[in-house]
Peer 1: 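Submitted below is the structure of interest, expressed as structure tokens.
Atom set for the values below is all heavy atoms of this structure, side chains included, hydrogens, waters and symmetry mates excluded.
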Amino acid sequence: MQASLSTTEAVRVYRELARRPSVARAWINSAKDVGTTERKLVEVNSLWSQRDIETSKTAKFIRSHRVDVADGRVASTEACGAPIDTSTCLLQQTSPSGKLSAILRLVSDKQYLEVWSHTCKLKNVELQVLEKHGKVYDDGTFGCFQWSPCERYLLYVAEKKMPKMESFFKRKDKEKAESDDAPVQGEEFVYQEDWGEGLVSKHRPVLCIFDVEEETTQVLTSVPDEVSPGQAVWCPDGRGVVFVGWWHVPFRLGLIYCTNRRSALFQLDLEGQACEQLTRDGLSVRCPRFSTDGSRLVFLQNPAGGPHNSCSQVVVYLWKEKTVVVVTDTVRTASGDSFPGMYAFDNGYQQCWAADGRRVVLNTYWRSKMALLVINTDTKEVKKLSMEGDDTATAWRLLDIRDDVIVAVCCSPNTSQHLRCALLPPSGQEHLLKWETLDDVVPTLTLPVDHKVITFTPVDGGLEYEAILMRKRGIESPPMIVWPHGGPHSVFSSEFLPYIAGFCQLGFAVLLVNYRGSLGFGQDFVESLPGKVGSQDVSDVQHAVKMVVETEGVNKDKLLLCGGSHGGFLVTHLVGQFPDTYKACVARNPVTNIASMFGTTDIPDWCCVEAGLEPDFHAPPSPEVYSAMLTKSPMYHADKIKTPTMVMLGEVDRRVPPPQGKELYRLLKTRGVPTKLLVYPDNSHPISKVDAEADAFVNIYKWFTEHMSN
């Protein structure tokens, strides 16, 4: 059966899928005893986002649920009222007692800090008027927003206040020119480094504390000059803060999606203003969380340098003893369904500690799925908490845990995101845990998608790898879109992906390939790829396609390619190295020439590492270095491309700058290969703004259907 040729149908399908919201975070308010101590009522609040195609904006709203905990389990759940729109809210945090709520709100490009009680708004302060700092950070990399234990102070991260700049030729009053706050002349065009893709407005973060009673802000000035602070948490006694500090010398490298940036944990004493480094050098650390009793601090760490993502260690810092304990080490190889190691770079969970102060709940990529784990920091035992065999929940992510009540978001290729809740049993009895959904109806696709994980042995006999094959049930001999992920050190999990679900609804099969180098399969799997990009990863994808064509009943004459970033690198390699295999190709922000990308990307070290070279910024690259990069690039094979290829670019992409895609487009156009270039203004690497994302979906569908039969 052929995919539909109607773009009207593609618009209808995407419009329906775009209405499905996704959850950003959730938090559990303190429990209320009901009758006896054996029964408690818990309130769960969750923040959701939803694409609004009509306005080309993302709507944000909060939902509330009431959870009844009795007899050692979640007895019942109930939604409370209609969702509340929070589209102007940048950050929100409930105080430890649940009596106060702080909100950072954006109104007409001004940031207001509001404090609410259960009955009314108590405070509203425009932070810029205080003239202590610039914009408050609301990103998930640096940002934090935390109440102190005494509930008087709020801890957050903001841009450092910089002196005003003006031209040498601006006329001004003599007295004003001699004042302390006089603008600096001639500095307005000096280049200001930022933290790259997704963090372009972040230059010099500073830690700030807002005094709710006095309505004043203090900027913490004892942070070492050579580091940028973020992800800060209060010390248990409220007399200090712990934060992650990223070194920005000799210059800033792109930080988002990179767990290899040199950083450390620091403790800043608020009374003496002393700042102490807690972890050793040569590491990259993230996601610090104190246990409920304040005795332990858990965080994730990786070696600094090397691949941009890899297997992390789960580490505990014993607060009183001031010692570091590695709880789960780097897993080199994982056989069968054994624990493959910790792979997570999400900082979105509120808390991860069980009430006993000894166990942590985290999520990780586990081969081609995402699993929820409980880890005993004393015994170092790892157990799965996510359900097995449930077709509606094959990808799990932690949102919060409080008093052993866990809230997680889960989904599957057939089911969009929904919340589940459970009470964590005592240590050793975790197998008794029982999950409950917070809504009566699980949001499953009306037309189900069949999905399966397929294992492959590579041509060279190396480590086995996997791919996820999805197709609409009942479709015979469908055209197949081959879709390798980006990174390359990332992974596809068996989760709900609107694009993939949409193409399956339109009659395509989709093959998501987790080639060697992906996360979730062990560190040896990750390290097998650097130095072999353009060959090993290409071979893995092509071999997976060959095997699926032979065994899964897809149409071998209607094979298509789609991929972004390193996935774009792979699909443009595939049409160059296998010019007669594929009918059409779409490359989104593709890496096409590693050599020319080296001088323009925010992660030049990526170009070296993936080409098998040691990054060295003390001297210009030699001709041999440039040659090694070029020969591993798609442009090296581009003169053999015959496949119609559409290129999609985010105009402000800092990770893979637009000249990468344009370089390929110009060559294809010169050689008479059918090609098309779409450039999306104000879009960065993901091409994720609402209007661009919707347009790209329909254009991909149109490109494939136009060229599929040629």
Side-chain angles (χ1 to χ4, degrees), residues 88 90 104-113 125-139 141-143 156-208 210 216-230 246-256 597-604 617 620 649-659 662 679-685 689:
T88 61
L90 300 178
L104 180 71
R105 195 180 303 277
L106 181 67
V107 180
S108 301
D109 202 39
K110 296 179 180 179
Q111 292 181 333
Y112 293 86
L113 199 160
V125 178
E126 183 187 344
L127 292 175
Q128 276 71 25
V129 171
L130 302 180
E131 296 188 337
K132 293 292 187 179
H133 54 70
K135 293 285 188 182
V136 176
Y137 288 15
D138 63 335
D139 62 274
T141 302
F142 288 103
Y156 60 91
V157 178
E159 183 67 18
K160 184 178 181 179
K161 182 185 177 183
M162 300 300 292
K164 295 178 181 178
M165 310 292 181
E166 67 178 20
S167 166
F168 286 118
F169 300 93
K170 185 175 177 65
R171 299 180 186 274
K172 54 187 174 182
D173 180 85
K174 184 177 180 180
E175 291 185 4
K176 290 183 178 180
E178 295 175 351
S179 66
D180 292 338
D181 61 347
V184 177
Q185 290 189 319
E187 298 286 315
E188 55 189 324
F189 301 115
V190 173
Y191 174 65
Q192 302 293 327
E193 285 183 11
D194 58 38
W195 283 97
E197 172 66 27
L199 299 167
V200 292
S201 61
K202 313 301 193 290
H203 305 277
R204 298 177 178 84
V206 290
L207 296 178
C208 308
F210 180 78
T216 58
T217 291
Q218 175 190 5
V219 175
L220 305 183
T221 57
S222 299
V223 175
D225 291 338
E226 64 272 16
V227 302
S228 291
W246 287 271
W247 272 266
H248 49 238
V249 290
F251 56 86
R252 291 163 177 79
L253 289 167
L255 187 55
I256 198 168
M597 180 172 145
F598 177 79
T600 59
T601 177
D602 66 331
I603 52 168
F617 300 117
L649 303 177
E651 192 174 46
V652 292
D653 186 354
R654 295 283 298 280
R655 185 58 41 98
V656 183
K662 291 178 179 178
V679 181
Y680 293 98
D682 200 30
N683 274 260
S684 57
H685 195 53
K689 288 188 175 293

Peer 1: Find the distance between CG (L130) and OG1 (T217) and round it off to the nearest 0.5 Å.
Peer 2: 5.0 Å

Peer 1: Mind checking whether D194 and K202 have side chains closer than 4.5 Å, heavy atoms only?
Peer 2: no

Peer 1: Distance from E126 atom CD to L113 atom CG, nearest 0.5 Å?
Peer 2: 11.5 Å

Peer 1: Quick one: are L199 and D139 in side-chain contact, heavy atoms under 4.5 Å?
Peer 2: yes

Peer 1: Do the side chains of H248 and W195 get nearer than 4.5 Å, heavy atoms only?
Peer 2: yes

Peer 1: Quick one: pull up CD in Q128 and NZ in K110 and give me the separation to the nearest 0.5 Å.
Peer 2: 9.0 Å

Peer 1: Please give me the minimum heavy-atom distance between E197 and V652, naming the atom from each residue.
Peer 2: OE1-O, 4.4 Å

Peer 1: Is the shortest heavy-atom distance from the side chain of L127 to the side chain of H133 under 4.5 Å?
Peer 2: yes

Peer 1: Identify the heavy atoms of L220 and V223 that sit nearest to each other, and give their distance.
Peer 2: O-CG2, 4.1 Å

Peer 1: Does any non-hydrogen side-chain atom of E188 lie less than 4.5 Å from one of S167?
Peer 2: yes

Peer 1: With sequence neighbours left out, write down each residue that passes salt bridge (Lys or Arg N to Asp or Glu O under 4.0 Å) with D225, or none if nothing qualifies.
Peer 2: none

Peer 1: Which pair of heavy atoms, one from W246 and one from P229, lies closest together, and at what distance?
Peer 2: CZ3-C, 4.4 Å

Peer 1: Looking at F251, I want to see if its CZ is surrounded by more than 12 non-hydrogen atoms of other residues, nucleotides or ligands under 6.0 Å.
Peer 2: yes

Peer 1: Is any side-chain heavy atom of E651 less than 4.5 Å from a side-chain heavy atom of N683?
Peer 2: no

Peer 1: I need the minimum non-hydrogen distance between L106 and K135, along with the two atoms involved.
Peer 2: CD1-NZ, 4.5 Å

Peer 1: What's the shortest heavy-atom distance between L253 and P604, and which atoms?
Peer 2: CD2-CD, 3.6 Å

Peer 1: Below 30° counts as parallel, above 60° as perpendicular, anything between as tilted: where do the rings of F598 and F617 land?
Peer 2: parallel

Peer 1: Check for a donor-acceptor pair, side chain of E166 on one end and backbone N or O of P183 on the other, with a separation under 3.5 Å.
Peer 2: no

Peer 1: Just jot down the ring-ring contact (aromatic ring centres under 6.0 Å, His included) partners of H203, sequence neighbours excluded, or say none.
Peer 2: none

Peer 1: A quick test of your reading: do over 12 heavy atoms of other residues, nucleotides or ligands sit less than 6.0 Å from NZ of K132?
Peer 2: no

Peer 1: List the residues meeting salt bridge (Lys or Arg N to Asp or Glu O under 4.0 Å) with R204, not counting sequence neighbours, and say none if there are none.
Peer 2: none

Peer 1: Among L90, V157, V206, which residue meets the side-chain contact (heavy atoms from CB on, under 4.5 Å) test with Y137?
Peer 2: V157

Peer 1: How long is the straight-line distance from OG of S228 back to CG of L207, given to the nearest 0.5 Å?
Peer 2: 10.0 Å

Peer 1: Out of R655, R654, H685, which one pairs with D602 under the side chain to side chain donor-acceptor pair (under 3.5 Å) rule?
Peer 2: R655

Peer 1: Roughly how far, to the nearest 0.5 Å, is OH of Y112 from CG of L104?
Peer 2: 11.5 Å

Peer 1: How long is the span from the CD atom in Q218 to the SG atom in C208, to the nearest 0.5 Å?
Peer 2: 9.5 Å

